[in-house]
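I have placed the structure first, in the form of C-alpha cells, so that the comments after it can refer back to it.
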Amino acid sequence: MTKGWQRPLVDALILWMAVFPAIFVFAELVQRRSIDLSSSRYYWAFAFRGTWLNIGISLGYLGIFVFLTAGILRMTRKSLFT
C-alpha cells in the first residue's frame, strides 16, 4: 500500500462513480414510483440533470463523498480494488 493519497482517491472515485448515479435512480424510484430515463441518454446524465445550481450541488456532494471515503481508506490503510 502506498503512503500517499493516490490509491485511496482512485479507489474512492471508482466506487462513487458507480454508486452516486444509482442513488439518484433510487430516489427517482421512491419519489415517483417509476424511473423515467427517457430524458437522459446516459446513466451519468441522469444524476446530473436540472439547473446549473443542481448540477453544482451534485458535484459538490460527489466531491465530499470521494474525499471522505479516500480519507477513511487512507487512515485504515485499506484498498477497495487490488
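As a basis for the values below, the full set of heavy atoms in this structure was taken, side chains included, without hydrogen atoms, waters or symmetry mates. Treat the numbers as computed from the prediction; the structure is a model and nothing was measured.
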Check your understanding: Taking a hydrophobic cluster as the set of Ile, Leu, Val, Met, Phe, Trp and Tyr residues connected by side-chain heavy atoms closer than 4.5 Å, whether directly or through intermediates, do Trp16 and Tyr61 fall within one such cluster?
Key -> yes
Point to revise | Partners passing side chain to side chain contact (heavy atoms under 4.5 Å, CB included) against Phe67 (at least two apart in sequence or in another chain) | key: Leu9
Check your understanding: In terms of hydrophobic clustering (I, L, V, M, F, W, Y; side-chain heavy atoms under 4.5 Å; direct or indirect links), are Ile72 and Phe20 co-clustered?
Key -> no
Revision key, fill the gap. The side chain to side chain contact (heavy atoms under 4.5 Å, CB included) partners of Ala12 (sequence neighbours excluded) come to Val66, Thr69, Ala70
Exercise for review: Measure the spacing between CG of Leu13 and CG of Leu62 and express it to the nearest 0.5 Å.
Suggested key: 7.0 Å
Practice item. Kindly write out the residues that satisfy side chain to side chain contact (heavy atoms under 4.5 Å, CB included) with Leu68, not counting sequence neighbours, or none if the list is empty. Key: Ile64
